[in-house]
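Remember, it's a predicted structure, so these values are computed and weren't measured experimentally.
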Amino acid sequence: MSFEQSLTRLEEIVRELERNDVDLEQALRLFEEGITHLRSAGGALKTVDARVQQLVEAADGSFSVVELGG
């Protein structure tokens, strides 16, 4: 599942949990599913973060790409 799909599902889960008619068992199931999607989205962010590049402007106005953390 992509980051965007996990995020969308997390938003749906929050909306479902905010309803007044969710019983305890259903709330627990949704919470567990939410944790799974949260971990998935967090992993995706870590992967992207590892690849983040910073655009640096040189004194002459030119730009170069510099890998962060590397």
Side-chain angles (χ1 to χ4, degrees):
M1 183 173 277
S2 73
F3 173 80
E4 291 81 5
Q5 291 170 323
S6 288
L7 191 60
T8 298
R9 182 59 186 141
L10 278 168
E11 291 169 345
E12 292 169 354
I13 289 170
V14 168
R15 281 192 298 275
E16 289 181 53
L17 287 171
E18 288 176 338
R19 289 191 347 234
N20 291 332
D21 63 342
V22 177
D23 64 38
L24 183 59
E25 190 61 36
Q26 183 181 10
L28 182 57
R29 182 189 58 76
L30 289 167
F31 180 78
E32 289 172 343
E33 181 186 352
I35 293 298
T36 300
H37 289 292
L38 184 61
R39 288 182 178 150
S40 174
L45 285 176
K46 285 181 183 179
T47 299
V48 169
D49 187 49
R51 298 175 56 201
V52 170
Q53 298 178 336
Q54 180 179 18
L55 193 59
V56 178
E57 184 176 1
D60 66 1
S62 65
F63 289 91
S64 61
V65 176
V66 178
E67 297 259 349
L68 292 179

What residues, two or more places apart in sequence or in another chain, satisfy side-chain contact (heavy atoms from CB on, under 4.5 Å) together with S6?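 With sequence neighbours excluded, S6 shows a side-chain contact (heavy atoms from CB on, under 4.5 Å) to M1, H37, S40, A41, given in chain and number order.
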
Residues in salt bridge (charged side-chain N to carboxylate O under 4.0 Å, His left out) contact with D23, at least two apart in sequence or another chain: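 Not a single residue meets the salt bridge (charged side-chain N to carboxylate O under 4.0 Å, His left out) criterion with D23.
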
Sequence neighbours left out, what passes salt bridge (charged side-chain N to carboxylate O under 4.0 Å, His left out) with R15? Give chain and number order.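 R15: no salt bridge (charged side-chain N to carboxylate O under 4.0 Å, His left out) contacts found.
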
As an exercise, state the distance from CG of L17 to CD of E12, rounded to the nearest 0.5 Å.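 The CD atom of E12 is 12.0 Å from CG of L17, to the nearest 0.5 Å.
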
Does a sphere of radius 6.0 Å around CG in N20 hold more than 12 heavy atoms from other residues, nucleotides or ligands, not counting ones at 6.0 Å or beyond?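 Not buried by this count: 12 neighbours or fewer within 6.0 Å.
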
Under 4.5 Å between side-chain heavy atoms, chaining through other members, with only Ile, Leu, Val, Met, Phe, Trp and Tyr counted: pull out the rest of the cluster around L10, sorted by chain and number.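 When side chains under 4.5 Å apart are linked, the cluster holding L10 also contains L38.
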
Donor-acceptor pairs under 3.5 angstrom involving side-chain atoms of residues 24-32: please list them, not counting sequence neighbours.
none

Taking only residues two or more places apart in sequence or in another chain, which ones pass side-chain hydrogen bond (donor to acceptor under 3.5 Å, both in side chains) with E11?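 If we apply the side-chain hydrogen bond (donor to acceptor under 3.5 Å, both in side chains) test to E11, skipping adjacent residues, there are no hits.
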
